[in-house]
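Please read the structure below before turning to the comments.
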2 protein chains.
Amino acid sequence: MILEQVKDTIKKYRLLRQEDKVVVGVSGGPDSVALLYLLHRLSKEFKLRLHIAHLDHKIRKDSYKDREFVEKLATKLNIPITVSQVEVKKIARSASLEEVARNARLGFLFQVARDTRADKIALGHSLDDQAETVLMRILRGTGLYGLAGIMPKRKIEKYTVIRPLLELRRRDIEKFLKQRRISSCRDQSNLEDIYFRNKVRNRLLPLLEKEYNSNIKEVLSNLSESAGYDYGYLNSVAEKIMRNWQGGVNLKKLLKLHPGIQRLILRLGIARVQGDLRRITFKHIKEIEDLILNRPVNSIVHLPKGISVIKRKNSLLFCRQ
Amino acid sequence: MILEQVKDTIKKYRLLRQEDKVVVGVSGGPDSVALLYLLHRLSKEFKLRLHIAHLDHKIRKDSYKDREFVEKLATKLNIPITVSQVEVKKIARSASLEEVARNARLGFLFQVARDTRADKIALGHSLDDQAETVLMRILRGTGLYGLAGIMPKRKIEKYTVIRPLLELRRRDIEKFLKQRRISSCRDQSNLEDIYFRNKVRNRLLPLLEKEYNSNIKEVLSNLSESAGYDYGYLNSVAEKIMRNWQGGVNLKKLLKLHPGIQRLILRLGIARVQGDLRRITFKHIKEIEDLILNRPVNSIVHLPKGISVIKRKNSLLFCRQ
């Protein structure tokens, strides 16, 4: 049953092709262990070549036990493995712990993908992770882009990250492991936003489930699915327009576009110089709109990561300091 | 200050034109009383002609007091008024009380607009109403359309409904009334979804405000604003496509479209025969997608309000029983 669901997700989002080489991120927690077993089961049908990647963040003293557990698993399933470690706490002086941990994790996965010449990187996020992420973003303030939540398939730099378990409930994943008597390590909470996420996971979602809608997680997951499609379409329209504007964002042309597309163009302009859209909120977009409509030429809006947006006479400049 | 904010909203969404004739729905509660005073203040600048409409739902025994209050207000401000009453409880045998009340209210407002040859109907919904509506829809399950929430300007049948207070906080409206020593009737909870809405208003939103984000209402209102723009754009694309498909929804052509647009076309197909999209959920759209992709020709999906969707060999039929 659970295998069929995963196959449905894979088919729906075209996550895998025949003979793909896939790096599987395995922390040792239930989700990633289930992911590994399920991909292992599918490896004949899809002729997959799997490679395990495990990063020890050294946040806990006994984190080496997780590493040993994953190494044994690799031996048992006869899958090659790359292990590395990073002392996140030591690096994380100026930047936030979450961001450092996230970058270290991604950097390591990309490195393994490069070294093993893999096509894809598979991660074990579940429907529950999706629901938490979407709800967190709603609570903090978001638009269509943020509602799309965790993408089932996403190109980051030149790597394709896939999440085959994204339509599975965590409880079903745990049931699967129990039935097959597959052991896993204690679930380590995601390092990102640990306090806020845990509050949403352990207090808010159970309350909403009990008092407001017993299907709240499915409903949030559906919302992110449909937002993902809607955003994908709008973004493709905006990208097509941007490709034709080689010289930058022309203000006259911009203001003639539909307001929904205008905002996406602004986001794309930022993403071009920043590399991504982290820490860009609705308020920043509103500020740039105010710059365009109401402020004099040569005014500047400063964005979080050292990006500035300058209003020229006929155009908008996005600069990195 | 509050008057400037209302003028900003009016400008942003082009709610009023010079010499508009506006029917103002006045229940007697704080929001609608403030709306009336604010429009009255603006009536010179915009050369507005105002007309008050008050409907007595007769849900409470002393509801005639609200009617008397609004009649006095009309005399005081020297604005013509139309009053009517309906015994919602008597009509509401088969249908739900919410739906009957809503239809009675809208029907009455349309009637007054017709009789007085008005251009617009103004209603007193606030940012707080918006936040409640968006949160309720998220909890029950929604997509982009539902997230757009209460529209600041919306054409219903041939009437344009405007909500000039939609970017004002309820507390600021109440402060304005207090400062000007304007009295109003006790706020009667909206008849729609009375139980669920009150739970969201009185329990969930205060909790989210205290524990998760003190700006939760603004954040939800911003979300609905951006969803409104995004939906507006997508809908205009889908409507353009539909206009070219005079013969109904061609399956081959449909499947070639972007998935986000496909879903909007399905919604438009339903709206064409049902008149609106009430009670249509994400699950229904998914069912129709399953019909298209996986079920044999002549299969049918039944929707809540007596609408059926039939799969023909090359096309999709939307029928009303």
Side-chain angles (χ1 to χ4, degrees), chain A residues 11-13 134-148 196 199-200 203-204 207-209 211-238 257-264 267 281-283 285-286 289 293, chain B residues 11-13 134-148 196 199-200 203-204 207-209 211-238 257-264 267 281-283 285-286 289 293:
Chain A
K11 191 178 150 196
K12 187 160 133 198
Y13 296 106
V134 172
L135 187 54
M136 280 167 64
R137 292 192 183 168
I138 290 171
L139 291 171
R140 285 176 165 168
T142 192
L144 195 55
Y145 173 76
L147 287 180
F196 195 73
K199 219 163 89 170
V200 167
R203 285 167 48 195
L204 185 54
L207 170 83
L208 296 178
E209 213 158 15
E211 299 267 335
Y212 294 87
N213 183 349
S214 59
N215 291 317
I216 184 71
K217 288 183 181 175
E218 282 78 3
V219 143
L220 289 170
S221 163
N222 287 342
L223 176 59
S224 76
E225 185 192 324
S226 80
Y229 282 125
D230 294 337
Y231 178 77
Y233 179 74
L234 287 169
N235 201 48
S236 71
V237 173
L257 298 171
H258 190 282
I261 297 291
Q262 279 179 31
R263 289 188 174 170
L264 268 167
R267 298 178 70 91
T281 66
F282 190 73
K283 221 184 93 212
I285 302 296
K286 287 269 212 184
E289 288 180 338
L293 293 174
Chain B
K11 193 181 152 195
K12 188 161 133 196
Y13 296 106
V134 172
L135 187 55
M136 281 167 64
R137 293 193 183 167
I138 289 171
L139 292 171
R140 285 175 166 168
T142 191
L144 196 56
Y145 173 75
L147 287 180
F196 196 73
K199 220 163 89 171
V200 167
R203 285 166 50 194
L204 185 55
L207 171 82
L208 296 179
E209 215 158 14
E211 299 267 334
Y212 295 86
N213 183 350
S214 59
N215 291 315
I216 184 71
K217 288 183 181 174
E218 283 78 4
V219 143
L220 289 169
S221 162
N222 287 342
L223 176 59
S224 76
E225 184 192 325
S226 81
Y229 282 125
D230 293 337
Y231 179 78
Y233 179 74
L234 286 169
N235 201 47
S236 71
V237 172
L257 298 172
H258 190 283
I261 298 290
Q262 279 181 31
R263 290 189 173 168
L264 267 168
R267 298 179 70 92
T281 66
F282 189 73
K283 222 185 93 211
I285 302 297
K286 287 269 214 186
E289 287 180 337
L293 293 175

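In the text below, chain A, chain B and the rest are named by the order of the sequence lines, each starting its count at 1.
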Residue pair [X] / [Y], side-chain heavy-atom distance below 4.5 Å:
X	Y	value
B:Asp230	A:Asp230	no
A:Leu135	A:Ile216	no
A:Tyr231	A:Leu264	yes
B:Leu220	A:Ile138	yes

Identify which part of [X] has an atom lying under 4.5 Å from any heavy atom of chain B, answering side chain, backbone, both or neither.
X	answer
A:Val237	side chain
A:Leu208	side chain
A:Tyr233	both
A:Glu211	both

Out of A:Gln262, A:Lys286, A:Lys283, return the one with the most heavy atom pairs under 4.5 angstrom to chain B.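 The candidate making the most pairs under 4.5 Å is A:Lys286.
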Mind ranking A:Val134, A:Ile285, A:Leu144 by heavy-atom pairs under 4.5 Å with chain B and telling me who comes out on top?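 Max contact count across the listed options: A:Leu144.
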To check you understand the geometry: which heavy-atom pair defines the closest contact between B:Gly232 and A:His258, and what is its length?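 Shortest heavy-atom separation between B:Gly232 and A:His258 comes out as C-NE2, 3.7 Å.
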